[in-house]
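Following: one structure in structure tokens, then a few remarks.
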Amino acid sequence: DNVDKDTKILDYGAGKGFQTRRLQGIEEYAPGGIHAEHAPDKPFTDVHAYDTSPPYNDASKLDDKYGVVMASNVLNVQETDQDLHETLNELASLIDDDGKIVVNFPATPRKNKESMPAEGKAQQREWLTNTISEHFNSVKPIQVKGQNLPNHWELSKPKTKSIEKQDGGVGGAAYAGGTVMGTEQST
């Protein structure tokens, strides 16, 4: 909602590019699909894609700033706490000052086995929300027709662009150095 069609958008973790092409107006949104309700009336004009594998593995995309970064099916496949923190740091580095990141956390697969609760979708959602909150000052559930969309968040206002992880793990990790909104971060 409220995203101008000329906003610079990055589809981070683009995979085969389905979402990228939908945002560009090249492919139709699936009827009844989660993204169908958000299909733009007009396609976006400045859409970019990045993934770790071809054809979208152009690392120069990570040197730019975007108004919106979409990371669909990305956080759930991070296998370690360190991978998750590094991904959140990278996402934070990609948005401009007023930028937003849209993430989801599908029920399957959920690959992190280090500190994510083994059972309970609500507990896993709370764990991820707490982890995200370590990196962003604004973590809002995404709403569709006035109702929260489970496992979908809008992130903004990164706490810091580079967080060094110390011992402690996700959800209770301690961080060294860095600045959080102009104040020294305590460990």
Side-chain angles (χ1 to χ4, degrees), residues 1-3 9-16 18-19 22-23 29-39 51-52 66 68-95 99-161 163-176 178 180-181 185-187:
D1 289 338
N2 304 323
V3 176
I9 299 172
L10 177 66
D11 181 4
Y12 179 95
K16 295 181 180 181
F18 296 122
Q19 185 66 22
R22 288 179 181 134
L23 290 166
Y29 281 75
I34 194 166
H35 301 292
E37 297 169 2
H38 301 291
D51 202 283
T52 57
Y66 301 88
V68 174
V69 174
M70 298 184 64
S72 181
N73 301 349
V74 170
L75 300 182
N76 58 303
V77 297
Q78 303 309 305
E79 294 184 1
T80 67
D81 294 347
Q82 182 174 345
D83 291 345
L84 181 59
H85 282 285
E86 288 174 1
T87 298
L88 289 166
N89 283 339
E90 187 161 67
L91 290 170
S93 75
L94 294 169
I95 57 172
K100 306 212 179 298
I101 301 166
V102 177
V103 299
N104 67 350
F105 192 57
T108 60
R110 291 190 175 169
K111 294 188 175 184
N112 184 305
K113 304 300 181 209
E114 286 186 356
S115 62
M116 180 177 69
E119 295 183 17
K121 290 180 183 176
Q123 291 86 349
Q124 291 175 351
R125 185 171 41 251
E126 180 180 359
W127 167 83
L128 183 64
T129 302
N130 291 339
T131 302
I132 292 170
S133 295
E134 293 177 13
H135 295 264
F136 295 90
N137 286 308
S138 178
V139 179
K140 299 183 208 173
I142 293 178
Q143 294 191 338
V144 174
K145 298 180 182 176
Q147 295 190 7
N148 288 348
L149 200 55
N151 303 321
H152 290 73
W153 298 270
E154 176 186 285
L155 319 176
S156 61
K157 300 179 176 76
K159 290 185 177 181
T160 180
K161 294 292 183 182
I163 298 175
E164 294 177 33
K165 186 171 178 290
Q166 290 182 339
D167 294 333
V170 175
Y175 293 100
V180 178
M181 301 304 289
Q185 187 171 4
S186 61
T187 56

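- The side chain to side chain contact (heavy atoms under 4.5 Å, CB included) test with F105 singles out one residue from N76, V74, T129, and that residue is N76.
- For the pair S156 and G99, the tightest heavy-atom approach, listed with the atom from each and the gap, is CB-O, 3.6 Å.
- The CD atom of E79 sits 12.0 Å away from the CG atom of L84 when rounded to the nearest 0.5 Å.
- Side-chain contact between N130 and E126 is present, with at least one heavy-atom pair separated by less than 4.5 Å.
- Counting heavy atoms from C-beta on, the side chains of L88 and L75 come closer than 4.5 Å.
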Where do Q123 and E119 land on the side-chain hydrogen bond (donor to acceptor under 3.5 Å, both in side chains) test, with the steps shown first?
CA-CA 7 Å; Q123 291 86 349; E119 295 183 17; over 6 Å; no
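- The CG atom of L128 lies 9.5 Å from the CG atom of N112; values are rounded to the nearest 0.5 Å.
- If you take CD on E114 and CG on D81, they are separated by 4.0 Å, rounding to the nearest 0.5 Å.
- A distance of 6.5 Å separates CZ in R110 from CE in M116, rounded to the nearest 0.5 Å.
- Between the N151 side chain and the P106 main chain, no donor and acceptor come within less than 3.5 Å of each other.
- In this structure, CZ in F18 is found 14.0 Å from CG in L23, a value given to the nearest 0.5 Å.
- No donor-acceptor pair closer than 3.5 Å links the side chain of K111 to the backbone N or O of T108.
- Of all heavy-atom pairs spanning I9 and Y66, the tightest one is C-CD2, 3.8 Å.
- Atoms CG and CD, on L91 and E86 in that order, are 12.0 Å from each other to the nearest 0.5 Å.
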Check the pair K16 / D51 against side chain to side chain contact (heavy atoms under 4.5 Å, CB included), numbers first and verdict last. CA-CA 9 Å; K16 295 181 180 181; D51 202 283; over 6 Å; no
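- Remark: the backbone N or O of N73 is paired with a side-chain donor or acceptor of N104 at under 3.5 angstrom.
- Proximity of a side-chain donor or acceptor of D83 to a complementary backbone N or O of Q78 within less than 3.5 Å is not detected.
- The main-chain N or O of S133 is never found under 3.5 Å from a side-chain atom of H135 such that the two would form a donor-acceptor pair.
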